[in-house]
2 protein chains.
Amino acid sequence: MADQIESELLRGSMDLMVLSVLAQSPKYGYLLQKALSDNSQQQIKLSAGTMYPLLHRLEEAGLVSSRWDDSTGRRRKWYELTAKGRKKLVKQAELWQQYANCINRLLTEIKLVIPAPATQS
Amino acid sequence: MADQIESELLRGSMDLMVLSVLAQSPKYGYLLQKALSDNSQQQIKLSAGTMYPLLHRLEEAGLVSSRWDDSTGRRRKWYELTAKGRKKLVKQAELWQQYANCINRLLTEIKLVIPAPATQS
DNA sequence: ACCCGATACATTGGCATGCGATGCATTGGA
DNA sequence: TCCAATGCATCGCATGCCAATGTATCGGGT
């Protein structure tokens, strides 16, 4: 335990977010963008150029499965978590917690050094 | 307020960590590695191939200043935060908090969907 | 009838980051 | 005498993020 934190988390934290949003319910790309935006108070935007390659990676890794829906005029590709994806999500979530705790501990220490900023606006 | 979170934070969170460790006291590279490792319960390793380019970037950005010390047998390059660096650190720390809160909120929601893992070990 | 923004998929190219591998030099202890 | 630790640095690869771009459909306003 207390292994070294995989830096994969730093770069690929978008993966974690996408997996967690998909865990709530299956979604197609465009809907995923909206959902992530909504769930983050419009703070996190997932651009198409980031999302589609990401989804393809997740699928290739077997973490999500996709299915086309042509029943409506709009061609939609629905993605949903696989069992493997859920496992991965749980694991990544734990790693994230570890990582966040580390950073928070560091930031807590610097507050002792750096005077609190005048919190205006 | 509630601006979109700069993804810079995801990729460059090493910057934040280095700045925060340097905020405690000036350090040279090798010492910085040890300090970061210690402050993170050996969870975060900063490889030389990551650190030195990073320090050079920070210096070029005016966030840290460096000074060679040849008084001992070991040639050491000491780095310390500049005023600009401290400002940046405070700002980045705030952004990190926002980001972490977003992720945590997402992860909290999935706990309602995914059964809690049997916490063994 | 027409236009245009929203919806919906996707790729491409540039840029930055993280890091293993490698290199060089010195110090100090076994 | 040798080797690990100390201490700096660069290079090249893999990867990720994203703006720009492309294609196509739908629906509402005029």
Side-chain angles (χ1 to χ4, degrees), chain A residues 4-19 26-38 40 43-61 63-64 66-79 92 95-96 99 102-103, chain B residues 4-19 26-38 40 43-61 63-64 66-79 92 95 99 103:
Chain A
Q4 181 177 346
I5 289 179
E6 304 170 20
S7 69
E8 183 191 328
L9 258 187
L10 324 194
R11 336 189 35 120
S13 56
M14 275 295 183
D15 292 26
L16 178 59
M17 290 190 265
V18 166
L19 289 177
K27 291 176 181 64
Y28 56 91
Y30 196 79
L31 208 153
L32 176 64
Q33 284 183 311
K34 303 298 178 192
L36 185 54
S37 179
D38 289 349
S40 68
Q43 284 183 106
I44 295 173
K45 302 293 185 185
L46 182 55
S47 74
T50 298
M51 180 181 61
Y52 290 112
L54 194 162
L55 284 172
H56 298 163
R57 282 201 306 274
L58 292 179
E59 184 171 19
E60 186 157 17
L63 304 178
V64 303
S66 70
R67 182 174 45 83
W68 281 103
D69 174 21
D70 294 315
S71 67
T72 66
R74 306 275 189 198
R75 281 185 84 235
R76 286 163 179 165
K77 199 171 180 181
W78 289 81
Y79 290 90
Q92 289 298 99
L95 287 176
W96 161 260
Y99 178 63
C102 273
I103 303 274
Chain B
Q4 181 178 347
I5 289 180
E6 303 169 23
S7 68
E8 186 190 326
L9 257 188
L10 326 193
R11 336 189 35 122
S13 56
M14 275 296 183
D15 292 26
L16 178 59
M17 290 191 266
V18 166
L19 289 177
K27 291 175 181 63
Y28 56 92
Y30 197 78
L31 208 154
L32 176 64
Q33 285 184 309
K34 303 298 178 192
L36 185 54
S37 179
D38 288 348
S40 69
Q43 284 183 106
I44 295 174
K45 302 294 184 183
L46 183 54
S47 75
T50 299
M51 181 182 61
Y52 289 112
L54 195 163
L55 284 172
H56 298 162
R57 281 201 307 274
L58 292 179
E59 185 172 19
E60 185 157 18
L63 304 179
V64 302
S66 71
R67 184 174 43 82
W68 280 103
D69 173 21
D70 295 315
S71 66
T72 66
R74 307 274 189 200
R75 279 186 86 236
R76 287 163 177 163
K77 198 171 180 182
W78 289 80
Y79 289 90
Q92 289 297 100
L95 287 176
Y99 177 64
I103 303 275

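Chain letters run A, B, ... following the sequence lines, proteins first and then strands; every chain starts at 1. Since the model is a prediction, treat every value here as computed from it, not as a measurement.
For the pair A/Glu60 CD and D/dT15 P, the interatomic distance rounds to 11 Å; values are reported in whole Å. Here D/dA5 presents its C1' atom at 12 Å from CD of B/Gln33, a figure rounded to the nearest Å. Taking atom CD1 on B/Ile44 and atom P on C/dG18, their separation rounds to 12 Å, with Å as the unit. A/Asp70 places its CG atom 13 Å from the C1' atom of D/dA24, with the value rounded to the nearest Å. Rounded to whole angstrom, the span from the CZ atom of A/Arg67 across to the P atom of C/dA8 amounts to 15 Å. Atom C1' of nucleotide D/dG7 and atom CH2 of B/Trp78 are separated by 12 Å, given to the nearest angstrom. Atom NZ of A/Lys77 and atom C1' of D/dT25 are 18 Å apart (whole Å).
Contact annotation: B/Tyr28 does not reach the phosphate of D/dC8 (side-chain N/O to OP1 or OP2, under 4.0 Å). In this structure, A/Lys34 does not reach the C/dA6 phosphate: none of its side-chain N or O atoms is under 4.0 Å from OP1 or OP2. Taking 4.0 angstrom as the limit, A/Arg57 places a side-chain polar atom (N or O) nearer than this to OP1 or OP2 of D/dG16. Residue B/His56 places none of its side-chain N or O atoms closer than 4.0 Å to OP1 or OP2 of D/dC8.
Listed by chain and residue number, A/Trp78 satisfy the ring-ring contact (aromatic ring centres under 6.0 Å, His included) test with A/Tyr28 (two or more places apart in sequence, or in another chain). Take A/Arg75 and apply the salt bridge (charged side-chain N to carboxylate O under 4.0 Å, His left out) test, not counting sequence neighbours, and it matches A/Asp70. For B/Ser71, the side chain to side chain donor-acceptor pair (under 3.5 Å) partners are B/Asp69, not counting sequence neighbours. For the side chain to side chain donor-acceptor pair (under 3.5 Å) test, no residue two or more places apart in sequence or in another chain qualifies with B/Lys77.
Within a heavy-atom distance below 4.0 Å of DNA chain D, the residues of residues 47-55 of chain A found are A/Ser47, A/Gly49, A/Thr50.
Residue A/Tyr79 has its side chain nearest to C/dA10 when only C/dA10, D/dC8, C/dT7 are considered.
A donor-acceptor pair is defined here as one N or O able to donate and one able to accept, closer than 3.5 Å; such a pair exists between the side chain of B/Ser40 and the backbone of B/Leu36.
Put simply, CE on A/Met14 and CD1 on A/Ile44 are 6.5 Å apart, with the number rounded to the nearest 0.5 Å.
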Could you list, one pair per line, each protein nitrogen or oxygen that sits under 3.5 Å from a nitrogen or oxygen of nucleotides 23-25 of chain C, together with the distance?
none

